[in-house]
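We name chains A, B, ... by the order of the sequence lines, and we start the count at 1 in each one.
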Amino acid sequence: MEKTYQPQSIEQPIYQRWEKSGAFSPQGSGEPFSVMIPPPNVTGTLHMGHAFQHTLMDAMIRRERMKGKRTLWQPGTDHAGIATQMVVERQLQAENLTRHDLGRENFIEKVWEWKAKSGGTISDQMRVMGDSVAWDKERFTMDPGMSAAVQEVFVRLFDEGIIYRGQRLVNWDPVLHTAISDLEVISEEENGFMWYFRYPLADDVKTAEGKDYIVVATTRPETMFGDEAVAVAPDDERYKDLVGKEIILPLANRRIPIIADDYVDKEFGTGCVKITPAHDFNDNEVGKRHNLPLTNIFTDDAAINDIAPEKYRGLDRFDARKVVVEDFEALGLLEKIDDHKLKVPRGDRGNAVIEPYLTNQWYVAVESLAQPAIKAVEDGDINFVPKQWENTYFAWMKDLQDWCISRQLWWGHQIPAWYDADGKVYVAHSEEAVREKYQLADSVVLTRDNDVLDTWFSASLWTFATQGWPEKTEDFMLFSESDVLVTGFDIIFFWVARMIMMTLKFTDNIPFKTIYITGLIRDERGDKMSKSKGNVIDPLDLINGIDLDSLVAKRTSGMMQPRLAEKVAKATRDTYPDGIQAYGTDALRFTLCSLASGGRDIKFDLNRLEGYRNFCNKIWNATRYVLMNTEEFDCGQNGGDYELSVADRWIISKLQKTEVAVNQAFETHRYDLAAQALYEFMWHEYCDWYLELSKPVLWDENSTDKQLLGTRRTLVRVLEAFLRLAHPMMPFLTEEIWQKVAPMAAIKAADDEQTIMLASYPEADVEKMDETAEADIEWIKSVIEGIRNIRGEMNIAPSKALPILLRNGSEQDYVRLQDNKVFLQKLAKLEAIQWLAQGESAPMSATALVGEMEVLVPMAGLIDKEAEIGRLQKELDKALKDLQRIEGKLGNEGFIAKAPEAVVAKEKEKLADLTSIVAKLKEQKDSIEAL
RNA sequence: AGGACUAUAGCUCAGUUGGUUAGAGCGCCACCUUGACAUGGUGGAGGUCAGCAGUUCGAAUCUGCUUAGUCCUACCA
């Protein structure tokens, strides 16, 4: 073995072996366990969120697979309507073409070409992550099976009246020319203006103040062509008399009424609101209440249409805004302009300002679907982890809007609806099916709806459509009710809720039993990672490493503003002055597991990753030690008599406890605790103590064959079990080592290939827990640590062998000493150990206490008197502080009376111990001072 | 505006149903290249658990308020 752990040389060859072996696909006939991957966007690349979620999914799947379950981790990607269409359109743009130049059919062909060539990026990256997904079952939301399921669902929902077509305001992206759902609109505060316009009153009416106009405030002057009323609050004294009167809409020279509506807040602005029912969601509601006409003033590009006076026609909305304001000013109707912060809605893909726009769209009426979906979570059929996310889910579900599912794109599932010449709509799987279903004559000309479905529509069918639905296939029966969904909170609405609704509707079953919501990985400063901020960390760079210049180049590429690029470059150089080292997949995975504590936000800390890379190296080197001492020898593979030392029994006992802790942590989705238990065991028990305790046995010429066999056997077997225990989190390293260690531990996997993936997952054996051995080792550790403390504090060279004396020990101490002398001598580097009988005198010494027993290190020539007094004083102060606290507690009558007996007894015991410690320390200090 | 969450060592975070001497990793200080490992070993320093009040024999843990920060939802034209 190499002297240090080199991840890059072991990982990918192992993955290739795994994938070839077929072990990723469901095995055997055990109980099914399935996890459906949240299908990543086919245009996407692996980001930290994926790496995090995939690591957890893979850890679960690997563990269940090792436990003998018939596991399926279903992979696949989603077709990402807008994103994919944009990618391909951008390619066309480079050739000065638009999709319209190609036509729909040719364009879609182009998209498929792109997918074949570039759509596999994320799959390749998943292989680097070690994801044990069933590649032979990989699905794509546009593949034939999924498409058939989508059609089936659409037709059924339409026939039931749950899907309908309606004309209403939608969020319109005037650049991408499509409707988007309200979830895809991001409203952020931006700086803008508030314009105050005078709207002249008609028929010589005057306000209470005697003015012949009223003033409305607006952030969107260009929409004034669509104004159908001016609203005031019903109880607003200022305008009470004007309700029912009319104003003359300037520029358009139309008469519109003044109405009273509760929607108006009389404290805000002037108390007068212009109402534009076709271009504002709130105004639309007001318009409905007052039967106002819907006057659309925009084209699909959000330019002014022919409703407006000629001068404004064809002007883009923002140009129109300028002209309108100028014209108001020219007419003397501009009262004032204030700076104003407002929320501007933008599309999450193209970033264009979204327009509320009147169009015909397809909707899903969600109410009947929502009820069972709420109930499934209320009844506990579906559980959120952490539980608090239920609230988020309920809050949204109970205030659900109908879901706009049509998109004016070319890439996606085209809606299976046809229209006749009169615009009557027919829905079925194909034109042929339509004619049959609705008994239409061949002479009736039908044209298909151009729109496609929202990508999330197909994604919502993921758990069952991937398993063969609507056929009741074996896969469908076994796996479609999956066990755990792992995802981020940002798509609870987009995906999780919709998946629950659709799955309950069409399979009468839940899509998953548990929803594990992960935290969001942020950068080292706690900022959300985003390309535009240039603070993205690519998980592959953590695995493979990247030099500083490449990292800077990567982060600043494609940045529009050079100034921003400069800032990003500087921040990157400050944070990663040496670039990023290659830490390997296992270290990254273990780090991610250790961060999975249920918190909402996770700051990614490179130091943590480095620490766990070092942990990998620790495991690697522990293995080297084990192999060096066992490879050439009998380790009990074929039986043979052996004898276990106290250290052997201790580490075996600790292993059982670790197995309990790790399994429990997995069951409760506390991957951080599992990681911590593994780390603690391997580093601080196995390496720090057990390996050291094995040396005196292995290197002692007087050790018997039975003792040697016992220790070698334990060394190998405990390591082997640890590897299986850790495998779900660090698959590559454990496989690599296991190949060498398992045969020596006489452990075999369930398959011919002999991969740790199919070896059994360790379960604790209560019989092997050994409290006596643990107490004995605790005693040994206390003695050694006492001596090491004196060495450390007194600056005694580690190479200097010390004589020690033991005083005031009990019979048990004596027995323990006799049994473990060698361990003490070796690990504390002792030259001699002398047991003092009661009353026997000792030379002046530094003291450590192990219970009642005093461990004495003679000071002669080694230890400075003052230093030892100082050290004792420090210990004394600490003990006295504790003593005081406990005395206070026990002096409290309420405590004695009301606390449980066990607690009181424990405090009393502590008091006794501390009293004795204090007395001994004092005595020791006094006698040294008396010198 | 409503709701949720967070606040523990210099940094990143654990801390189960209230009973601790409040832990870990990284960082820091001192010593050490001994035959698994300097991606290491040994020892050590470091915390009024955001603040205030309350419940309790007992609070990092439960309740209320305050402060600071984050997020979500709804938004004022």
Suppose you measure atom [atom1] in [N] against the same atom in [M]; what distance do you get, rounded to whole Å?
N      : M      : atom1 : answer
B/rG15 : B/rC72 : P     : 25 Å
B/rC11 : B/rG51 : P     : 15 Å
B/rG41 : B/rA36 : C1'   : 12 Å
B/rU33 : B/rA22 : C1'   : 36 Å
B/rA7  : B/rG46 : P     : 25 Å
B/rC65 : B/rG3  : P     : 11 Å
B/rU16 : B/rU66 : P     : 26 Å
B/rC52 : B/rU67 : P     : 15 Å

**Asked** Do A/Q873 and A/D877 have a side chain donor and acceptor closer than 3.5 Å?
**Response** yes
**Prompt:** Any side-chain donor-acceptor pair under 3.5 Å between A/T4 and A/E2?
**Reply:** no
Can you tell me which nucleotide in [options] comes closest to the side chain of [X]?
X      : options                : result
A/E785 : B/rG25, B/rA77, B/rG43 : B/rG43
A/R788 : B/rG19, B/rU42, B/rA77 : B/rU42
A/Y625 : B/rA36, B/rC57, B/rC75 : B/rA36
A/R522 : B/rU70, B/rC37, B/rA77 : B/rU70

Starting at [atom1] of [X] and ending at [atom2] of [N], how long is that distance when rounded to a whole Å?
X      : N      : atom1 : atom2 : value
A/W689 : B/rA36 : CH2   : C1'   : 17 Å
A/R613 : B/rC37 : CZ    : C1'   : 12 Å
A/K878 : B/rG46 : NZ    : C1'   : 13 Å
A/Y686 : B/rA36 : OH    : P     : 13 Å
A/N607 : B/rC11 : CG    : P     : 13 Å
A/E610 : B/rG27 : CD    : P     : 7 Å
A/L606 : B/rG27 : CG    : P     : 12 Å
A/R624 : B/rG40 : CZ    : C1'   : 12 Å

**Prompt:** Any side-chain N or O of A/K3 under 4.0 Å from OP1/OP2 of B/rU39?
**Reply:** no
**Item:** OP1 or OP2 of B/rG41 under 4.0 Å from side-chain N/O of A/W683
**Value:** yes
What does the list of N/O pairs under 3.5 Å between the protein and nucleotides 4-6 of chain B look like, with a distance for each?
none

Does [X] reach a base, just sugar-phosphate, or nothing at all? Heavy atoms under 4.0 Å.
X      : result
A/K874 : sugar-phosphate
A/Q664 : nothing
A/Y679 : sugar-phosphate

**Asked** Parallel, tilted or perpendicular: which describes the rings of A/F615 and A/W683, with under 30° parallel and over 60° perpendicular?
**Response** parallel
**Fill in**
One should report the stems of RNA chain B, each a stretch of at least three consecutive Watson-Crick or G-U pairs at distances under 3.5 Å, as B:1-7 with B:67-73, B:10-13 with B:23-26, B:28-32 with B:40-44, B:50-54 with B:62-66
**Request:** With a 4.0 Å heavy-atom cut-off, tell me which residues in residues 896-903 of chain A come close to RNA chain B, sorted by residue number.
**Result:** A/K898, A/A899, A/P900, A/V903
**Residue-level proximity of residues 338-346 of chain A to RNA chain B when a heavy atom falls under 4.0 Å** = A/H340, A/K343
**Message:** Suppose we screen for side chain to side chain contact (heavy atoms under 4.5 Å, CB included). Which residues come up paired with A/V903, at least two apart in sequence or across chains?
**Reply:** A/F895, A/P900
**Asked** Among all residues two or more places apart in sequence or in another chain, which pass the side chain to side chain contact (heavy atoms under 4.5 Å, CB included) test with A/D490?
**Response** none
**Asked** Got a second to check how far A/E685's CD is from A/K781's NZ, nearest 0.5 Å?
**Response** 6.0 Å
Using atom types as modelled, flag every donor-acceptor pair under 3.5 Å from a side chain in residues 260-275 of chain A to any protein atom, sequence neighbours excluded.
from   : atom 1 : to     : atom 2 : distance (Å)
A/D261 : OD1    : A/Y263 : N      : 2.8
A/D261 : OD1    : A/R289 : NH2    : 3.0
A/D261 : OD2    : A/R289 : NE     : 3.1
A/D261 : OD2    : A/H290 : NE2    : 2.7
A/D265 : OD1    : A/E267 : N      : 2.9
A/K266 : NZ     : A/D235 : OD2    : 3.3
A/T270 : OG1    : A/V215 : O      : 2.5
A/T270 : OG1    : A/C272 : N      : 3.2
A/K274 : NZ     : A/T223 : OG1    : 2.7
A/K274 : NZ     : A/D227 : OD1    : 2.9
A/K274 : NZ     : A/T276 : OG1    : 3.2

**Message:** Applying ring-ring contact (aromatic ring centres under 6.0 Å, His included), can you list everything that pairs with A/W699, at least two apart in sequence or on another chain?
**Reply:** none
**Message:** Tell me which pairs pass side chain to side chain donor-acceptor pair (under 3.5 Å) where either residue lies in residues 576-589 of chain A, with sequence neighbours left out.
**Reply:** A/E11-A/T585, A/D58-A/R589, A/E524-A/Y576, A/Q581-A/R613
**Request:** For the pair A/K910 and A/E907, find out whether any cationic side-chain nitrogen is under 4.0 Å from an anionic carboxylate oxygen.
**Result:** yes
Tabulate protein N/O versus nucleotide N/O from nucleotides 28-35 of chain B, keeping only pairs under 3.5 Å, one per line.
none

**Item:** Of all pairs that satisfy salt bridge (charged side-chain N to carboxylate O under 4.0 Å, His left out), the ones with a partner from residues 783-802 of chain A, not counting sequence neighbours
**Value:** A/E793-A/K874
Just the atom pairs and distances: protein N or O near nucleotides 12-14 of chain B's N or O, under 3.5 Å.
from   : atom 1 : to     : atom 2 : distance (Å)
B/rU12 : OP1    : A/K603 : NZ     : 2.7
B/rC13 : OP1    : A/K603 : N      : 3.3
B/rA14 : OP1    : A/S597 : OG     : 2.4
B/rA14 : O3'    : A/R670 : NH2    : 3.2

